[in-house]
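Order of the sequence lines fixes the chain letters, A, B, ..., with proteins taken first and strands second; residue numbering starts at 1 for each chain. What you see is a predicted model, and the numbers here were worked out from it, not measured in a lab. Computed over heavy atoms, backbone and side chain alike; hydrogens, waters and symmetry mates excluded.
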Number of protein chains: 2
Amino acid sequence: MVATRQTERTGAAEAMRPHDHGDCIRRVLDEAERRASEDRVNFTPVRRHALEILLESHAAMPAYGLLKRLDEDGFGSQPPVAYRALDFLMEQGFVHKVERLNAFVACMYPHETHTPAFLICRNCRSVAETCVAPTPAALRQEARAAGFAIERSMMEAEGLCRDCAREEDAPCD
Amino acid sequence: MVATRQTERTGAAEAMRPHDHGDCIRRVLDEAERRASEDRVNFTPVRRHALEILLESHAAMPAYGLLKRLDEDGFGSQPPVAYRALDFLMEQGFVHKVERLNAFVACMYPHETHTPAFLICRNCRSVAETCVAPTPAALRQEARAAGFAIERSMMEAEGLCRDCAREEDAPCD
DNA sequence: TTTTTTGGTGTTATACTGTAACAGTATGGA
DNA sequence: TCCATACTGTTACAGTATAACACCAAAAAA
């Protein structure tokens with residue numbers, strides 16, 4: 001990723017803007033570490049390493065992609081290895097599943113419980129998570145009227161990120 | 001489904017309330033028919049029948065469930081049969097994919113282009129589609145700031161519908 | 001009319017995604 | 001020490017989805 005410094009927290013889709021990705025990783029990892037010890041949950045090596053792998057980029061990674069990496073790095077090679085780590089990380093709110101892609105991204109705002117909203121590039125699969133509360137009051141009202149109890153929700157928007165849009169404009173490849 | 005009459009269009013999650021499901025089916029099917037001939041698209045027997053099957057209930061149906069039904073009813077038996085029909089129906093906006101379930105539901109508002117919002121019961125898989133515009137202005141703004149062009153978006157809320165909530169309250173089964 | 005193109009169907013084969021179930025290991029109480 | 005719990009390793013399998021090719025019919029072009 002790009003190395004331009006941007007200290008301000010904008011609350012916007014930072015992933016798709018130039019930012020210091022090293023900072024990005026450190027911030028999230030530290031926060032996860034802190035939360036895990038606070039909650040007395042077992043942040044074991046596989047689990048930690050799975051999170052580190054997902055943090056390497058803002059693109060969503062499929063479970064079997066993660067598995068391949070875990071295997072290369074000396075952890076197990078069978079599907080449950082990856083799925084168990086992912087289940088743990090999702091339970092802790094450290095990782096989200098991007099349903100549209102059947103793939104996973106590290107949560108960029110692990111300190112807040114939230115309804116995630118994703119901007120998903122259909123071309124490069126990069127995923128920007130926003131920390132906007134995307135649940136309109138109207139949906140809650142609908143749910144109440146239907147006697148439906150919302151437990152968790154998510155919003156996914158698919159489209160083209162800036163870089164991929166540029167490519168499509170100038171198809172000189 | 002239940003047979004209580006309810007002529008009013010409420011704009012709410014009708015699927016999870018008592019309603020005349022026959023009316024429901026007829027309304028959607030007629031509208032699809034109309035739109036298909038208007039748009040000069042080929043509403044072939046498999047495609048029509050796939051929509052009819054999905055309309056039978058408000059529960060989301062997996063692709064292989066649809067395939068089984070199509071096979072029983074004399075259409076092909078191989079996966080592409082179902083997936084092609086589904087692709088067509090989704091392109092036309094007659095069907096939505098509920099990503100959380102890897103399953104499909106007939107669109108209850110095929111006359112409007114919209115960003116669908118689903119209330120998904122984690123217990124019985126019933127899906128209520130609302131016609132609320134769930135895209136908060138904030139997300140659009142985020143997208144603009146990130147240079148991201150939203151092409152389609154969707155909101156999914158998982159929880160418990162009224163009936164399943166009752167069952168969990170009184171676990172006397 | 002003949003030819004070509006287009007769009008839809010039928011089929012095979014295969015890739016990707018996810019989970020059940022059981023065995024083994026380590027750790028921390030009772 | 002015994003037991004319970006939680007995590008890991010592995011096999012086997014179930015469910016989801018698509019690529020690719022052959023076939024056919026109807027529409028469009030020659």
Quiz item: So, R27(A) and E31(A), do they make that salt bridge, N to O below 4.0 Å?
Solution: no
Quiz item: Salt-bridged, D87(A) to R84(A), with N to O below 4.0 Å?
Solution: no
Self-check item: Minimal non-hydrogen separation, L86(B) against A63(B), with atom names
Solution: CD1-CB, 4.0 Å
Self-check item: Salt bridge R69(A)-D73(A), side-chain N to carboxylate O under 4.0 Å
Solution: yes
Quiz item: Considering the options F118(B), Y109(B), F104(B), which one meets the ring pair (Phe, Tyr, Trp, His ring centres under 6.0 Å) requirement together with H96(B)?
Solution: F118(B)
Mind listing the N/O atom pairs, protein and nucleotides 26-30 of chain C, below 3.5 Å?
none

Practice problem: Please work out which residues in residues 100-107 of chain B have a non-hydrogen atom less than 4.0 Å from an atom of DNA chain C and list them by number. | Solution: none
Quiz item: Between residues 30-48 of chain B and DNA chain D, which residues have a heavy-atom gap below 4.0 Å?
Solution: none
Quiz item: Which residues pass the side chain to side chain contact (heavy atoms under 4.5 Å, CB included) test with R100(A), sequence neighbours left out?
Solution: I120(A), E156(A), E158(A), E99(B), R152(B), M154(B)
Quiz item: In whole angstrom, what separates M61(B)'s CE from dT16(D)'s C1'?
Solution: 15 Å
Practice problem: Describe, in one word, how the ring planes of Y64(A) and Y83(A) are oriented to each other, choosing from parallel (under 30°), tilted (30 to 60°) and perpendicular (over 60°). | Solution: perpendicular
Self-check item: Contact list for DNA chain D against residues 68-99 of chain A - heavy-atom distance below 4.0 Å
Solution: Q78(A), P80(A), R84(A)
Exercise. Using the salt bridge (Lys or Arg N to Asp or Glu O under 4.0 Å) rule, collect all pairs that involve residues 41-51 of chain B, keeping only residues at least two apart or in two chains.
Key: E33(B)-R48(B)
Exercise. Apply the side chain to side chain contact (heavy atoms under 4.5 Å, CB included) test between V95(A) and each candidate in L51(A), L55(A), V105(A); give the one that qualifies.
Key: L51(A)
Quiz item: Would you say the side chain of Q92(A) lies within less than 4.5 Å of the side chain of P110(A), judging by non-hydrogen atoms?
Solution: no
Self-check item: Y64(A) OH - dG18(C) P separation (whole Å)
Solution: 8 Å
Practice problem: Output yes when D71(B) and K68(B) qualify as a salt bridge under the 4.0 Å nitrogen-oxygen rule, no when they do not. | Solution: no
